[in-house]
Protein chains: 2
Amino acid sequence: MKTNEDAYGRQLLAQYNNQTETAEIIERDDGFIDTGSDAGTYFRQYKEWSPLERRAIKLARGRVLDIGCGAGRHSLYLQQNGFDVTGIDNSPGAIKVCKLRALKKALVRPISDVDKFEPDSFDTVIMFGNNFGLFGSPKAAKPILRKLYRITSPDARIIAGTLNPYRTTDPDHLEYHKLNKRRGRMPGQIRMRVRYRRAIGAWFDYLFVSPQEMEDIFKDTDWRIERFIVPEAANYFAVIGKKSL
Amino acid sequence: MKTNEDAYGRQLLAQYNNQTETAEIIERDDGFIDTGSDAGTYFRQYKEWSPLERRAIKLARGRVLDIGCGAGRHSLYLQQNGFDVTGIDNSPGAIKVCKLRALKKALVRPISDVDKFEPDSFDTVIMFGNNFGLFGSPKAAKPILRKLYRITSPDARIIAGTLNPYRTTDPDHLEYHKLNKRRGRMPGQIRMRVRYRRAIGAWFDYLFVSPQEMEDIFKDTDWRIERFIVPEAANYFAVIGKKSL
């Protein structure tokens, strides 16, 4: 068994090379396991995205940072449309796939290292595919938001998608929310890892929040939610701007 | 986390109730994990079976015992065609599904307990869906074969399907064969368990063999392989009769 491997990236590489047609497997820290995105999801073309994502991507302006870019589906779309876009992902395999797919700017970099970019490097930060979750927890979000503030222009925006964790009636998920509360975590703070064949990815926190919870996270930060896109839906987006404006 | 649960049966029940559309998840004891049969596979109608299974089922005669009947797809087909058929499975959930699907004779019973049937109860034993694997190992097969001898008629046959484990070039599988040899197991002796949501099934051995290996298993038993059906293929069947004849 190989733990802390780049299971996610290996899977994307296998998908890129047409070596697998199986869905990804995600394990949660209560032992719950399920298939996640089908093979191909991370490679979907614009026309195959959800209407919500197609709507949200229209808000990108200027120089774009794509956090958790995966196989680069959003970055490549923006690049093809003339944007100066940089994709980052903490998965070396994912970034390898992005480069194979001709994404010009693709870097292995976790969200916690966004301060490695120069000040005022980006005008838009996109966190698609529920990647608001990469903030991990309200506490972990604060320093990341400070770093994002520094590396972006004064009128920059973060466009981030998430899933409202309370839009479920699944007993296993509701019980997990309770478990999280008991251990002082947010109900939708999912500790998970990717498994791909013999590779076992590192555990990481992925945060799902309600619109109200997201509002709370931005209190005491230099960012504020300008508006939500379909906050009443299970999947929704937030457009987040700098408070100084 | 709930271990040694009837993960397989829970999954079949969820499929029966249309509560899931995801493929089963199988974990091997080297940490290799993958999706197995798609949702629906265990419920396939005769016309959706492989040509090999459609060919093999024609050999059933008289009273039939279906070992590892799952959701009952083979038993139900035989019942519908006028056979006296009994399905057994060690999964309570599987047997519940069989009963919900109106299989008249369905029992929770592991293959090791086939001696609970009266002598001369069956004329055909079917082990479809690679269920030759339920013999587990050459050693475990011997007492089971003696029990099957007792509960079947003098001219009874076992019709068993398997997968030739050497029909792979997958490095992970080839390495697993080597691991098995090092620990004194047959290369195709797969120690696996089913995972479904939070349920984790018990580990069990499932045996894949080449035609030659299968021949060897029947040495020193009262059974002999009468013939193979497409032994040159990855999936093949054996028709096994009593030596006394």
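Predicted model, so just to flag it, every value in this text is computed and none were measured. Note on naming: letters A, B, ... go to the chains in the order of the sequence lines (proteins, then strands), and numbering restarts at 1 for each one.
Rounding to the nearest 0.5 angstrom, the gap separating the CD atom in B:Q19 from the CG atom in A:D170 is 9.5 Å. Interatomic distance, CZ of B:R28 versus CZ of A:R197, reported as 8.0 Å (0.5 Å rounding).
For A:I25 against B:T35, the heavy-atom pair with the smallest separation is CD1-N, 4.0 Å.
Heavy-atom neighbours of A:E21 CD from other residues, nucleotides or ligands within 6.0 Å: at or below the threshold of 12.
Looking at A:I33, both its backbone and its side chain come within 4.5 Å of chain B, counting heavy atoms on both sides.
Side-chain contact between B:R195 and A:R195 is present, with heavy atoms from C-beta onward closer than 4.5 Å.
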